[in-house]
Structures are given as structure tokens and as C-alpha cells.
Amino acid sequence: MTTALPSHTTPEVRALLDDGRLLHELAHGLGGPFHALFPEQFDANAAAFRQAFTEAGVDGRVYYAKKANKAAVFVERAAVAGLGVDVASHGELREAMATGVQGADLVVTGPAKSDELLRVAALQGALVAVDALDELDRLQQVARGLGRTARALLRALPPGQPHSRFGLDCGEMAAALDRCVGDAVELEGFSFHLSGYDIQQRADLAAELVRLCRRARALGLRADRISVGGGFAVNYVDGEDWRRFEESRRPEHFHAAKTFGGFYPYHSPVAGADALRALLSTTPAGEDADLAALVRGAGVTLLVEPGRALLDQAGFTVFRVQGVKERDGYAILTVDGSSLSLSEQWFDSEFLPDPVLVPDERADIADAGPYPACVGAATCLESDMPTWRKIPFPLRPATGDLLVYLNTAGYQMDSNESPFHDLPLPPKVVVEPIADRFRWRLDRRHR
Ligand SMILES: *Cc1c(COP(=O)(O)O)cnc(C)c1O
């Protein structure tokens with residue numbers, strides 16, 4: 001049988017799971033699956049990132065990468081806390097500004113941004129991460145048309161990820177620097193965003209951007225900030241559990257002996273704000289000081305754009321068990337939603353931390369497991385399984401129980417949501433401890 005992969009959690013989440021009444025009440029009242037959001041956790045994660053900058057004596061700025069979750073509440077908290085927001089579409093920009101984020105606190109990323117998006121960004125004084133030479137030309141045209149100066153970063157193609165479709169290569173970067181001389185664009189600096197979580201690779205490229213700042217300044221350009229993008233890991237499960245899972249993993253641990261393209265690294269020894277700390281104290285290749293000293297010495301402000309890491313433990317996803325079917329040695333649970341509300345399934349992969357069973361009130365609760373079960377969706381697609389893995393549940397799952405997938409706020413909730421089968425989109429419920437109990441309300445986007 002598969003080993004357990006219990007999810008890390010917080011005391012607040014534990015309390016909600018242990019006394020399941022509020023979750024059952026919400027499942028009943030909302031009549032389907034829902035996502036719970038914890039804005040206080042978002043605040044705490046943001047504060048931890050800022051603290052890492054303070055400790056290192058670095059002038060740093062945190063931009064929340066909005067694409068990781070569509071809820072309004074996290075952007076509201078970002079606005080109130082004075083964080084920046086990373087947006088990559090006109091819709092995200094509109095949402096952020098309507099929520100109270102000032103134009104000057106936005107960074108607009110993404111490839112080949114539309115003229116409409118560039119125009120609003122220029123009018124609102126947002127920072128634009130330019131991804132290509134033709135985009136730089138269009139930004140300049142738009143700014144000239146408005147009689148304004150647009151704020152720009154030039155995004156570098158990472159030498160370590162040469163097949164990335166994003167960013168400017170060395171030759172393009174040199175051409176872009178020349179084209180930035182003039183008034184249509186103020187070049188504030190450079191940016192990159194790397195896939196994966198390699199800290200040394202980030203430190204090396206950050207140092208390269210600091211050198212680019214010096215080069216740009218020699219041309220009379222401002223170049224006083226660099227953005228190292230997102231990619232701060234989240235630590236979902238214990239290292240020992242993860243190692244045991246990896247070592248013992250076999251196809252028969254999954255329904256239909258399903259195999260996958262790969263899994264997210266659910267255990268990360270260095271995650272969140274600690275990953276920023278580690279980055280700042282890493283010595284880039286060819287340098288003899290750490291990155292913190294390097295940016296301080298160059299008078300460079302360091303921007304980060306975490307998405308997933310700011311949402312660590314800031315939400316979970318609740319389904320109700322709608323049916324239980326026995327198979328050879330395990331059960332197939334069917335829940336009242338679909339894997340479109342747990343997006344990892346759509347990357348030839350699976351969200352692995354064990355969902356937690358919150359039983360309905362019933363008599364046989366004392367039974368001792370484990371009871372292995374996989375989890376299917378309430379749809380007619382063979383492949384629509386929130387969990388193929390046979391989870392070793394400590395209790396026998398029954399219809400009416402809730403199944404809670406923990407720590408889903410980062411990318412899992414809504415990037416692939418669709419009202420497939422005319423199933424309603426799960427609403428987002430903001431849950432906050434107020435006085436001695438939890439209060440809830442719907443996220444603004446669902447009102
Ligand atoms: C997606 C993205 C981020 C956020 O990445 P995380 O891994 O969630 O931290 C930041 N910057 C850019 C440019 C992105 O595309």
C-alpha cells in the first residue's frame with residue numbers, strides 16, 4: 001500500500017478540521033465544493049519575505065504574482081500591506097487597481113503585451129517588464145503617443161534555460177539598451193523569472209543583472225533595480241515522508257496503475273522566505289561577496305515576485321463525498337466536484353499531499369484504518385480523478401464526509417477551473433479568526 005503523505009498545516013487549519021462543524025455547515029449552505037482562504041496567513045508570509053530583506057540590509061520589494069490565485073482578498077491584502085502586484089493581463093491589472101493597488105506598485109509581466117495593456121500601464125505609471133525588442137518598440141510608440149515616459153525593465157533570457165520562450169538574449173539585450181536612450185522609456189533595470197527552484201542559478205543570474213545595471217548606467221540610463229521573479233518553493237510535506245513515498249512508489253499504488261510524467265517536489269528543505277534568505281546569502285559565480293552585499297554595493301533595489309510562496313497555507317479546498325464504491329482492496333470515492341478545481345491533474349501529474357477526511361457525524365467513527373481509497377470526480381470522464389493514488393485513510397470514508405485538500409491556494413484552485421458538466425465553480429470563502437471563533441464571508445469575486 002502507498003505510504004501516507006500528510007500535509008503540513010497550521011494551528012488554525014487544524015482547529016477547523018478537528019471541529020468540522022463550520023466546514024460541514026459551509027458545504028451544506030453552499031451546496032457543493034468550495035475553497036477556504038486565510039488572508040492572515042498571506043499577511044504573515046509577506047511579512048516574512050520583508051523580514052528577510054531587512055535582516056540582509058537589502059532594499060527589497062515584494063510583488064505578489066497574482067496569477068497564482070484569482071481571489072480578490074489576497075490582492076486586497078497586498079494593497080493594504082503596501083506590496084506590489086505582478087500582473088500579466090489587462091484583466092489582472094484591472095482587478096488589482098480596482099482592489100486598491102496603485103499603478104506605480106504594479107509590475108506588468110508576460111510576453112507580447114497588447115497595446116491596450118501597455119497604454120494603461122504607461123498611463124498608470126506601472127513598471128513594464130519588456131520581453132522582446134518589438135514589444136519595446138511598441139511601448140515607446142504608445143508612450144510617445146501619450147506624451148509620457150513609460151517605466152521599463154528589460155527581461156533577460158536565462159543562459160541556463162536557453163529554450164525558454166521568454167526574455168531577451170545577449171544580442172537583443174545590447175540592442176534594447178541602445179534603444180532605451182531617449183525619453184519615451186525610462187529604463188529602471190532588468191528582470192528574469194526562472195522555472196525550478198535552483199538558488200545558485202538565481203544568484204548567478206541576479207549578479208549578471210547587476211552587471212547589466214552598471215553597463216546601462218554607463219549609457220546614462222537609470223538602471224537601479226532588478227527583479228529576480230518568483231520561484232520560491234513551498235514545503236508541503238515532511239522530508240522523511242517524501243523520501244519514503246519516492247522510494248516505495250509503484251504503479252499499483254494508483255488506481256488503474258496510472259503513471260505520471262512527474263511530480264512537483266512536495267518537500268523542499270529551503271522554502272518561502274528562507275529561500276530568499278538563502279538567495280541573498282549566496283555568492284554568485286565569479287563574485288567574492290554574497291548577493292546582498294553585491295546589490296547594496298551597487299545601489300540596486302531587489303524585487304521579488306512570489307506567487308505560490310505568498311499563498312503557502314493560505315487556503316484549502318473542500319469536496320463532499322457523494323459516493324463510495326468498493327474495489328479489490330480499496331475504495332473509489334466520488335466527490336461533488338471535479339479535478340478542474342485541483343489544477344495539478346492537468347499537468348500529467350497529481351496533487352500528492354493526502355486529503356484529510358472530516359467525517360460527518362456518525363456512529364462508526366472509531367474504526368481503525370487504514371482504508372485505501374482513490375478519489376474520482378462527479379463527471380463522466382474516466383480521466384477526471386482528483387486523486388489516483390490510493391490514499392491510506394485512517395477512517396472508513398462514507399457518503400457525507402468532507403474531503404479537504406490542504407494548502408491549495410497556490411495555483412491549485414482556479415487556474416483551470418471551468419463549469420464543465422454545468423457543475424458550478426466552487427465559491428471562495430474567506431475565513432478569519434475573529435475574537436474566539438472563525439467568521440466567514442464570500443470573496444468579493446463571488447458576490
Ligand atoms: C509565474 C510568475 C511568477 C510567480 O512564480 P511562483 O513560482 O509562483 O513564485 C513571478 N514572476 C513571473 C514573471 C511569473 O511568470
Side-chain angles (χ1 to χ4, degrees), residues 41-42 45-46 48-50 52 60-71 74-75 78 83-89 91-93 96 101 105-113 117 121 126-132 135 152-158 161 164-168 188-199 201-202 205-206 209 225-236 263-266 268 270-279 302-315 343-344 347 349 351 407-416:
Q41 186 63 40
F42 177 89
N45 295 338
F49 269 89
R50 287 175 151 174
R61 203 73 237 263
V62 182
Y63 289 76
Y64 164 52
K66 191 184 179 314
K67 75 168 181 285
N69 194 299
K70 286 195 273 204
F74 298 125
V75 187
L83 302 185
V85 175
D86 167 2
V87 296
S89 71
E92 286 188 349
L93 178 142
V101 181
D105 291 330
L106 295 172
V107 59
V108 185
T109 61
K113 292 169 269 299
L117 179 54
L127 190 55
V128 178
V130 173
D131 187 66
E135 189 184 63
L153 300 175
L154 296 175
R155 179 166 172 170
L157 170 71
Q161 296 181 353
S164 169
R165 68 187 177 96
F166 301 109
L168 301 154
E188 296 199 359
F190 301 90
S191 71
F192 66 79
H193 172 71
L194 284 165
S195 331
Y197 295 114
D198 191 310
I199 288 174
Q201 203 184 12
R202 283 187 167 72
L205 194 46
L209 297 198
R225 61 202 56 216
I226 63 170
S227 172
V228 299
F232 298 89
V234 164
N235 189 21
Y236 291 85
F263 294 115
Y264 180 86
Y266 287 95
S268 276
V270 184
D274 286 337
L276 175 57
R277 266 187 203 93
L279 174 64
L302 191 75
L303 320 183
V304 292
E305 300 158 1
R308 193 187 287 261
L310 286 180
L311 297 174
D312 184 22
Q313 299 292 351
S343 302
E344 199 66 22
F347 301 100
S349 192
F351 186 73
N407 209 358
T408 53
Y411 294 108
Q412 296 305 315
M413 290 181 174
D414 56 25
S415 62
N416 296 302

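Keep in mind that what you see is a predicted model, and the values were worked out from it rather than measured. Both counts, for ligands and for their atoms, begin at 1 and track the order of listing.
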Which ligand 1 atoms does [X] reach within 4.0 Å, using its non-hydrogen atoms?
| X | value |
| --- | --- |
| Arg155 | 13 (C) |
| Gly230 | 5 (O), 9 (O), 10 (C), 11 (N) |
| Tyr411 | 1 (C), 4 (C), 5 (O), 6 (P), 8 (O) |
| Gly231 | 5 (O), 6 (P), 7 (O), 9 (O) |
| Pro306 | 9 (O) |

Report yes or no: do Ser227 and Glu305 form a side-chain donor-acceptor pair below 3.5 Å?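 Present: a donor and an acceptor within the cut-off.
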Would you check if there is a donor-acceptor pair between the side chains of Thr109 and Asp86 at a distance under 3.5 Å?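 There is such a pair between these side chains.
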With a 6.0 Å cut-off on the ring centroids, do Phe42 and Tyr64 count as close?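 Yes, the ring of Phe42 comes within the 6.0 Å limit of the ring of Tyr64, centre to centre.
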Under 4.0 Å, heavy-atom basis, I'd like to know which part of [X] is in contact with ligand 1: side chain, backbone, both or neither.
| X | answer |
| --- | --- |
| Glu305 | both |
| Ala68 | neither |
| Lys66 | neither |

[X] vs [Y] side-chain heavy atoms within contact, under 4.5 Å:
| X | Y | answer |
| --- | --- | --- |
| Met413 | Ser343 | no |
| Arg225 | Phe190 | no |
| Val304 | Arg61 | no |

Taking Asn407 for its side chain and Gln313 for its backbone only, find out whether a donor-acceptor pair lies under 3.5 Å.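 Side chain of Asn407 to backbone of Gln313, a donor-acceptor pair under 3.5 Å: yes, one is there.
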Would Gly307 count as being in polar contact with ligand 1, using the rule that some N or O on each side must be under 3.5 angstrom apart?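 There is such a contact, yes.
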Measure the distance from atom 1 (C) of ligand 1 to every protein heavy atom, then report the residue, atom name and distance (to 0.1 Å) of the closest one.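 For this ligand atom, the closest protein heavy atom is Lys67 NZ, 1.3 Å.
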